[in-house]
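In what follows, a structure is listed as structure tokens, so that the remarks can point back to it.
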Amino acid sequence: MSRAREVLVLVLLAMLVFSSVALAQEPTGFPRDQTLIVNMLTGRVGTPSNFNEWVGWRWRDRGMQNLANEPLWSVDFATGQIINGLASGDPVYNEDFTKLTIPLREGVAWSDGVPFTADDVVFTVETILAEPGLASHSAFSAKISKVYKTNDYEVVIELKEPDSRFHTHFLDRWGCTWIMPKHIFENVDDVVSFEFDPFVGTGPYKLHSYDPAGYWTAWEKREDWDKSPTGILFGEPAPKYVLFRTFSDSSAKIIAQLTHQLDVADHDAEGFAAAMAQGGTIRAYQPSYPWVVNNDPCITGITFNTAVAPFDNKEVRWALILAIDIVEYMAQAVDGQATLSPIHIPYLGAYPEYYHEPMQEWLKSFALDLGDGELFYPYDPDAGLRIAEYARQRGHEVSSDPEEIKKTFGIGWFKYAPDVAEKLLLKNGFKKDANGRWLLPDGTPWKITVTDINDTGHHQFKNGNAAVQQWKKFGIDAEYVASDAYTTLQQMGDFQVGAAWPALEPWGAGVDLYRSLDIFFSEYIAPLGEANHGHSSRWSSPEMDDVIKRMRATDPTDIEATVAVCTEALKILIEEMPSVPTYGYSGFLTWDEYYWTNWPGAENPYMGPYGHWGTLKYMLPFLQPTGNK
């Protein structure tokens, strides 16, 4: 814990210098014993007055998805259950998956008191179909033939072609298509430029106020909370107010939690260790090493902009992968406290049994063509063992049981082979200068810019910076550029490399990977300079399109058929590597139990544990106030 002690000492010293600054940024008027304070995972809000999530990313974790919005359905990865929100039950498909009927929940009202009905759902779908500037337009216009209601609480959607998973557009895991309040949007001239301020939702909280500079957003429990799906299903949320805050750096976040001004915090690895070292009322998800949240079905990594040279060349992409020493990478990113995955889904839940383990032989036989008949087999099935040894050297108790090591550190990754990376680059016209620095095929210095989030605790920041250090060591001029506008830059294609998730997170329940893979469909991909609605790599292929079409026609309850078609897609992604999976999301999460208790820790995982997920609202009825003032 020496590094943790060093960080803690710096934090305590920083309290003397920066406490006045921290307090100056604190919003006022919220009784602390009635207020839950949560740090924002995605950092300072870049568009504070804009809540129109239908256009694209608007910092939905500022309380929109987690408190004020209710989707038709939600996935809770902690329990593996589907929660019916605005829907009262499962969608019902016809035999050939060209029509679905959605039953809606009665007794729900918008936060301004207007009843929620089927008219809102029909209006939402019709508006998205009519407006190309809305994020779901491409997907909906390609698939939907007709939408209508049969009564005030039942909607029917007819599709142009079979799609057994169309309803998942409305299934929230981390984002989905939300339902618009018709009575507001029908009076708007331009739904794309409309900022939707104040936000009106069907969740148990309503917008109270926000910082015009984007540092915090406050929400207040509705008086009619019982007219929200949360209230109907789980009861009254305990906190009267919920405040989402962002912090200037990791030290400021730790200071806030040490002084009981932050209840839920996401840290980087060192900040987590420093927070835990002080003990007291701060606790982690697990009671012992590795402490972190380890059941989050999200894969992190690196994403190449394949619409920009030289990242349009898969051999260049593979060269950059082989230039990474994954042990050093993991040490820098998360101090080894995460689980590797060589494929575009995390190593947890049902995925090892149905995907990772069955794909081992294929991974071992997968080869890269280095030219002149030379092949290289890049897969390293022992990478997890090397991470485990790193953890032992750091003084942690690590099991010697191979199965436990797999669960904790992963099953394998790719070899560190800079010599092979060099061969691939030379094969494609790259060369080195007299100082050993890489030059592009046109003879100019090769500079890689990784553009992404500015939150040092975020895994996108950690992955991006770890990759930069590895590529620097390999002889490339690489840098990480943190930007509040990174989502817009990536959406418009104005970047080289980012650290957005290499594939969308799977559902976290069952074996279906449709959510992860459908985003690579070519119809979602936009040219550079236009808003992209597909994966940020802007990669697609006819082979992947064919697999996705067959996936849509496959009954997701047919496990054998679903696994077979999803495995095909995973193999294509490994061959092409438009994005690079590294490790499953490790939640360096701490809770302060000074004001609130009964958190959903590993010993009682009744709901997803995070403050930034949509399921936070479902957690709040179970929190218990301590009585501290």
Handout entry: Verdict with supporting geometry, His167 and Trp73, side-chain contact (heavy atoms from CB on, under 4.5 Å)
Key = CA-CA 9 Å; His167 70 283; Trp73 303 277; 4.0 Å; yes
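- Between Tyr606 and Phe622, a ring centre-to-centre spacing shorter than 6.0 Å is recorded.
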Handout entry: CA sep, side-chain torsions, deciding dist, call: Trp174, Arg60, side-chain contact (heavy atoms from CB on, under 4.5 Å)
Key = CA-CA 9 Å; Trp174 173 274; Arg60 67 177 77 107; 3.0 Å; yes
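- Trp591 does not carry Arg283 over the face of its six-membered ring by the limits of under 6.0 Å from the centre and within 45° of the normal.
- Minimum interatomic distance between Ile525 and Ile519 (heavy atoms only, all atoms of both residues): CD1-O, 4.3 Å.
- Using modelled atom types, one finds a donor on one side chain and an acceptor on the other under 3.5 Å when comparing Thr230 with Glu70.
- Between the side chains of Thr42 and Asp61, at least one donor N or O sits under 3.5 Å from an acceptor N or O.
- No side-chain donor-acceptor contact under 3.5 Å links Tyr205 and Asn66.
- Among residues two or more places apart in sequence or in another chain, the ring pair (Phe, Tyr, Trp, His ring centres under 6.0 Å) test is passed with Trp54 by Phe185, Phe196.
- Side-chain contact annotation: Thr177 with Ser136, donor-acceptor N/O pair under 3.5 Å present.
- Judged purely by atom type and a 3.5 angstrom limit, Gln470 uses its side chain to pair as donor or acceptor with the backbone of Asp325.
- Taking the ring pair (Phe, Tyr, Trp, His ring centres under 6.0 Å) definition, one finds that Phe311 meets it with Phe304, sequence neighbours left out.
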Handout entry: Trace of the ring-ring contact (aromatic ring centres under 6.0 Å, His included) decision for Phe77 with Trp613
Key = CA-CA 10 Å; Phe77 70 82; Trp613 276 62; 4.7 Å; yes
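- Judged purely by distance below 3.5 Å, without hydrogens or angles, the side chains of Asn463 and Tyr583 pair a donor atom with an acceptor atom.
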Exercise for the section: Test side-chain contact (heavy atoms from CB on, under 4.5 Å) on Phe588 and Gln337 and set out the steps. Expected result: CA-CA 9 Å; Phe588 291 97; Gln337 291 171 270; 3.7 Å; yes
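- Here the CG atom belonging to Asn532 is positioned 9.5 Å from the CE atom belonging to Met492, to the nearest 0.5 angstrom.
- Taking the six-membered ring where the residue is Trp, the centroids of Phe495 and Tyr486 are separated by 6.0 Å or more.
- The aromatic rings of His458 and Trp501 sit parallel to each other, their planes meeting at less than 30°, with 60° as the upper class boundary.
- Crowding of Glu397 atom CD: a count of heavy atoms from other residues, nucleotides or ligands under 6.0 Å not exceeding 12.
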Exercise for the section: Output, in order, the C-alpha distance, side-chain angles, deciding distance and verdict of side-chain hydrogen bond (donor to acceptor under 3.5 Å, both in side chains) for Tyr390 and Asp335. Expected result: CA-CA 9 Å; Tyr390 165 82; Asp335 196 24; 2.6 Å; yes
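- In this structure, Trp539 has its ring center under 6.0 Å from that of Phe520.
- Considering every non-hydrogen atom in both Arg62 and Thr47, the closest pair reads NH1-O, 3.8 Å.
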Problem - Test log, rule salt bridge (charged side-chain N to carboxylate O under 4.0 Å, His left out), inputs Glu404 and Lys407 - result: CA-CA 5 Å; Glu404 287 300 315; Lys407 290 178 183 178; 3.8 Å; yes
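- Other residues, nucleotides and ligands place more than 12 heavy atoms under 6.0 Å from the NZ atom of Lys415.
- Note: Phe366 and Trp318 have tilted aromatic rings, judged against thresholds of 30 and 60 degrees for the angle between ring planes.
- Salt-bridge formation is not detected for the pair Glu53/Arg58: no Lys NZ or Arg NE/NH1/NH2 atom is positioned less than 4.0 Å from an Asp or Glu carboxylate oxygen.
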Exercise for the section: Could you walk me through whether Arg165 and Asp518 pass salt bridge (charged side-chain N to carboxylate O under 4.0 Å, His left out), step by step? Expected result: CA-CA 10 Å; Arg165 298 164 177 83; Asp518 183 64; over 6 Å; no
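- Put simply, the side chain of Trp57 never gets that close to the backbone of Thr488: no donor and acceptor are under 3.5 Å apart.
- Checking Asn294 against Tyr285 by side-chain atom types alone, no donor-acceptor pair falls below 3.5 Å.
- Gln257 and Asp592 share no donor-acceptor pair across their side chains, judged by distance under 3.5 Å alone.
- Salt-bridge check for Lys472 with Glu479: failed, with every basic side-chain N at 4.0 Å or more from each acidic carboxylate O.
- Shortest non-hydrogen contact noted between Ala323 and Tyr416 is O-CE1, 3.5 Å.
- Note on ring orientation: taking the six-membered ring where Trp is involved, the planes of Tyr347 and His356 are perpendicular (angle over 60°, cut-offs 30° and 60°).
- Heavy atoms only, all atoms of each residue included: Ser537 and Thr306 are closest at O-OG1, 2.7 Å.
- For His533 and Tyr524, the distance between ring centers is not under 6.0 angstrom.
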Handout entry: CA sep, side-chain torsions, deciding dist, call: Arg173, Asp296, salt bridge (charged side-chain N to carboxylate O under 4.0 Å, His left out)
Key = CA-CA 11 Å; Arg173 186 199 174 282; Asp296 185 329; 3.4 Å; yes
Handout entry: side-chain contact (heavy atoms from CB on, under 4.5 Å) evaluation trace for Trp599 with Met619
Key = CA-CA 8 Å; Trp599 301 100; Met619 180 204 305; 4.0 Å; yes
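- The SG atom of Cys176 sits 11.0 Å away from atom NE2 of His169, with the distance rounded to the nearest 0.5 Å.
- Using a cut-off of 4.0 Å between Lys/Arg side-chain N and Asp/Glu carboxylate O, Arg245 and Asp266 are scored as not salt-bridged.
- The heavy-atom pair separating Trp596 from Pro239 by the smallest distance is CH2-CA, 3.7 Å.
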Exercise for the section: Determine, stepwise, if the pair Gln332 / Gln469 fulfils side-chain hydrogen bond (donor to acceptor under 3.5 Å, both in side chains). Expected result: CA-CA 9 Å; Gln332 177 181 339; Gln469 292 305 313; 5.5 Å; no
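- A salt bridge links Arg392 and Glu389; the closest N-O separation between the charged side-chain nitrogens and carboxylate oxygens is under 4.0 Å.
- Phe244 has its ring centre no less than 6.0 Å from the ring centre of His612.
- Not a single donor-acceptor pair under 3.5 Å links the side chain of Asp382 to the backbone N or O of Leu385.
- A salt bridge between Asp380 and Arg386 is present, with a side-chain N of the basic residue lying under 4.0 Å from a carboxylate O of the acidic one.
- Under the 3.5 Å distance criterion, the side-chain polar atoms of Gln460 are left unmatched by any main-chain donor or acceptor of Gly498.
- The aromatic ring centres of Tyr480 and Trp471 sit 6.0 Å or more apart.
- Shown here for Ala388 and Ile405, the closest heavy-atom pair between the two residues is CB-CG2, 4.0 Å.
- Although no hydrogens or angles enter the test, the distance criterion places a donor-acceptor pair under 3.5 Å between the side chain of His344 and the main chain of Ser579.
- Taking the six-membered ring for Trp and the full ring otherwise, His459 and Tyr585 have centroids separated by under 6.0 Å.
- Partners of Tyr514 by ring pair (Phe, Tyr, Trp, His ring centres under 6.0 Å), not counting sequence neighbours: none found.
- Note that OG of Ser516 is 7.0 Å distant from CD1 of Ile345, once rounded to the nearest 0.5 Å.
- Salt bridge Glu575/Lys314: absent, no basic N to carboxylate O contact under 4.0 Å.
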